[in-house]
**Student:** 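Okay, here's the structure, questions in a sec.
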2 protein chains.
Amino acid sequence: MESRAPRAANRSTVLAHVLTHGPVSRTAIGHETDLSPATVSRIVEQLLDEGLLTETDGAPTTARGRRATQVAIAAGRGVVCGVDVGGSNVRLVVADLAAEPLTGRTVPTPADYDAPRLAQWLADLIVATVGADRERLDCVAVGLPGAVRQGDRAVSNAPNLPQVEDPQFLRLLEKHLGTAVEVDNDSNYALLGELRFGAARDAQTAVMLTIGAGLGAGVAIDRRLFRGRSGLVGEFGHLPAGPLGAPLERIISGSGILARARELGLSFDNAADVFRSADPRLAPVRQYVEQALLVILTAAVVAYEPEVIVLGGGISHALTPDLVRLRGRLHEIVPAAEATVHGAELGDLSGALGAVVAALHTAYRRLGLAEADLARVPQPDALAGCDLPALADRA
Amino acid sequence: MESRAPRAANRSTVLAHVLTHGPVSRTAIGHETDLSPATVSRIVEQLLDEGLLTETDGAPTTARGRRATQVAIAAGRGVVCGVDVGGSNVRLVVADLAAEPLTGRTVPTPADYDAPRLAQWLADLIVATVGADRERLDCVAVGLPGAVRQGDRAVSNAPNLPQVEDPQFLRLLEKHLGTAVEVDNDSNYALLGELRFGAARDAQTAVMLTIGAGLGAGVAIDRRLFRGRSGLVGEFGHLPAGPLGAPLERIISGSGILARARELGLSFDNAADVFRSADPRLAPVRQYVEQALLVILTAAVVAYEPEVIVLGGGISHALTPDLVRLRGRLHEIVPAAEATVHGAELGDLSGALGAVVAALHTAYRRLGLAEADLARVPQPDALAGCDLPALADRA
DNA sequence: CGATAATACTTTCACCCTGAACGGAAATAG
DNA sequence: CTATTTCCGTTCAGGGTGAAAGTATTATCG
């Protein structure tokens, strides 16, 4: 360990504290991080010099005595962009370094474009959305509807948007943007969003299941994403527990549900409608799906003992009325389970907001934040005063 | 971060290096840990003063120049005892601080004893096995055939030896021994053993499944045990994927297999015999078990993306001939899986040796080893020159 | 057998970082 | 205007580290 290590560690501690606790005085930082005032002062001075922090004199005169000068992250110093590329919609959110969303945008995915064209289109869209902040753009994170291997960023298992499996897509996207891009599974990002700002805000360990055209999953252990090497983690849809050893994903995904309804002579455009319909003939379908879902929930519970399981994706809305019963049955199967099953709080924006978090993490890492401190930033209430529906507006 | 932090960290680094790399010279330590020779010298001197290390002059004259003086852990400074309490046998292994086994013992479990009597019996057995080393006894770790919650050490789910669920058992055991005792699930310890010395020696992430009277599981991520709060992690036997939503454990455990054979009018004493028997009428039973096992293996693969899955427990021997086919079918189900399925290399001693590892970790922690360094100790080849069958001898 | 070279370890020293103590600055109370 | 309180910057001793110089030990060579 070099002599410079403690300095870097303390720097990271201070920076993380400012990022999580918003504007805060030097004294308060010292008090809450067990660092001596001298150390805090030195480090804050250095961070101010570097332009990472700014002094804000908004001190709400608590007691008598000298007024504390607060410091906060220099939010405008950079922006990040989180992108959620789905089979039907692309959602973008641009946020500053304080995780405050600046703009958002939702655009239908041009699913018929080939890989190069899609890359060009997406790059243009990102540039247009970031707008004048482009030169301050620190990082872009893109969630894709498929498995992403973190080693070589190979994308697989993306039946809903196969173009993104083409290695060209990422290469061209980065080329057009002129920046490196973070990539991950959209479910992982959705979990990251819910973990920071949504239903898993207070959970150490959480699982996200996105039930849409396919079945996706993300897992966080000790507030950090747990990705395997192949992006396979949590994909319990592969379990050969259906009839004749069929994978569960075939039962529980949108296409599976539609196929099952069609067997009964009922045709729907949208899998969620199968749940909304009151037709009694559909009861066995629903029951069938519910049993498969229970297997998957049980798998998630015994695999990770999560505190929260978040259900997201198109079909999850339709499942809301069944949540109570699901919880009950899950508890019957695994009485020791402490997991609660919730719907996604951020709705369709989980993915884009999670991508923002991932992008912020990269930006923060570049600013010198230690890996261990990343698990606590950005501050969970950054979205508090923020109009989420407005962000999702189609512009 | 206090000023003393780097010292402690470097101390831990040096100690860990000596523990993993056996007798080694100061220069080599410095070279391999990126610490300066001065720092290594200072720390080694301190460790020698404390009696934690000893100088061994066994330098095999490599080149000309001053002969390197090697240092090694003062192995005889303490001993630890690992105990694996099973439904039918209790296995003990006593080892020194260098993880060198000193004695071992296997004794039938007096399953009819009540909790207080069992505690007394076990304490006596441990004391008798440790013998003269008793005053140097650093730590005892006991693996139990049930779920152990790490918070309050509550034991549950131990149908094969229900006495151990009684809180008295642990309390009295510690009282009779006069030492605190580490407790955990026997599958967790078995995994720890295989992870250090056995089939998962080179794996970062591994899963252990013990198939015996019940179905147990242990999970390691990044070479560290992953335990939930309730000891539920990896227990995919709960999956309601059997007929009519029955839990898989009912199919795959010893009692389940016997019951299934009995339905066919065939009676066995031992579930493993069902697999050994050539009776063609048993084919459906085997197939049925294999399908359930496949679901569990798939769950383990997609849950953790392990590099290795180790099968242990009484029935696993009987499955050895099927391993190749199992691997093939698993690969069909999850092509991206990189997991290989292996039998336990340490055989019935996995659990006791894993308990030794757990006890050593506690001992090392007391010596000042940082949590991160624990994942690399003790040295994996500590058992190399060791006669395992002799350790398992009934004495 | 002594000189030399090579290697292992130790000592010295300059430097970095921290916490404790002190002192200046700013705001309120009287 | 002075006293008091609180916040913040500065000084200083202490502990810790790496680079470099110094010492010890061994093999090789003339």
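Per chain, numbering begins at 1; letters A, B, ... match sequence-line order.
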**Student:** If the cut-off is 4.0 Å, is B:T27 near the phosphate of C:dC9, judged by side-chain N/O to OP1 or OP2?
**Tutor:**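 Answer yes for this pair, as a side-chain N or O of B:T27 is under 4.0 Å from OP1 or OP2.
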**Student:** Rounding to a whole Å, what distance do you find between A:H31:NE2 and D:dC8:P?
**Tutor:**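 From A:H31 NE2 to D:dC8 P: 14 Å.
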**Student:** Is any side-chain nitrogen or oxygen of A:T69 closer than 4.0 Å to OP1 or OP2 of D:dC8?
**Tutor:**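 So the side-chain polar atoms of A:T69 do come within 4.0 Å of the phosphate oxygens OP1 or OP2 of D:dC8, strictly under.
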**Student:** Look at A:T39 and C:dG19 and indicate whether a side-chain polar atom (N or O) is within less than 4.0 Å of OP1 or OP2.
**Tutor:**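 Answer is yes, contact under 4.0 Å.
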**Student:** From the list D:dC7, C:dT18, D:dG18, which nucleotide is the closest neighbour of the side chain of A:N10?
**Tutor:**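 When the side chain of A:N10 is considered, C:dT18 is the closest of D:dC7, C:dT18, D:dG18.
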**Student:** Would you kindly give the CD-to-P distance between B:Q46 and C:dT10, to the nearest whole Å?
**Tutor:**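 Whole-Å distance recorded here is 14 Å.
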**Student:** Nearest of C:dA26, D:dG18, C:dG19 to any side-chain atom of B:A38?
**Tutor:**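 The answer is D:dG18.
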**Student:** Do the rings of B:H21 and B:H17 sit parallel, tilted or perpendicular, given the 30° and 60° boundaries?
**Tutor:**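 Plane angle under 30°, so parallel.
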**Student:** Stepwise, does the side chain to side chain donor-acceptor pair (under 3.5 Å) test hold for A:N10 with A:T39?
**Tutor:** CA-CA 8 Å; A:N10 288 343; A:T39 304; 5.4 Å; no
**Student:** Taking only the side-chain nitrogens and oxygens of A:S41, find out if one of them lies under 4.0 Å from OP1 or OP2 of D:dG9.
**Tutor:**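 Yes, A:S41 has a side-chain N/O under 4.0 Å of OP1/OP2 on D:dG9.
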**Student:** Measure the distance from CZ on B:R64 to C1' on D:dA27 and round it to the nearest whole Å.
**Tutor:**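 Roughly 6 Å, once rounded to whole Å.
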**Student:** What orientation do B:Y304 and A:Y304 show, parallel under 30°, tilted 30 to 60°, or perpendicular over 60°?
**Tutor:**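 Because their plane-to-plane angle is over 60°, the rings of B:Y304 and A:Y304 count as perpendicular.
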**Student:** Give the rounded distance in Å between these two atoms: CG of B:L47 and C1' of C:dC9.
**Tutor:**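 My rounded result for the distance is 16 Å.
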**Student:** Between B:R66 (CZ) and C:dT7 (P), how many Å, whole number?
**Tutor:**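 One finds 14 Å between P of C:dT7 and CZ of B:R66, rounded.
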**Student:** Using atom CD of A:Q70 as one end and atom P of D:dT6 as the other, report the distance to the nearest whole Å.
**Tutor:**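 It works out to 17 Å between those atoms.
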**Student:** Side chain of A:R67 only, heavy atoms from C-beta on: which candidate in D:dC8, D:dT28, C:dT28 is closest?
**Tutor:**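 Given the options D:dC8, D:dT28, C:dT28, the side chain of A:R67 is closest to C:dT28.
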**Student:** Within the 4.5 Å heavy-atom criterion, are B:L15 and B:L53 side-chain neighbours or not?
**Tutor:**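 Result yes, sub-4.5 Å side-chain heavy-atom pair found.
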**Student:** For the side chain of A:R42, starting at C-beta, report the closest nucleotide among D:dG18, C:dA8, C:dT18.
**Tutor:**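 Among the listed nucleotides, the one closest to the side chain of A:R42 is C:dT18.
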**Student:** Please report, rounded to the nearest Å, how far the P atom of D:dG15 is from the CD1 atom of B:I43.
**Tutor:**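 Atom-to-atom, B:I43 to D:dG15, this comes out as 16 Å.
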**Student:** Without hydrogens or angle criteria, can the side chains of A:Q46 and A:R7 be said to hold a donor-acceptor pair below 3.5 Å?
**Tutor:**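 Yes, because at least one side-chain N or O of A:Q46 sits under 3.5 Å from a partner of the opposite role on A:R7.
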**Student:** Rounding to an integer number of Å, can you tell me how far A:R7 CZ sits from C:dC16 C1'?
**Tutor:**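 Computing the A:R7:CZ to C:dC16:C1' distance gives 9 Å.
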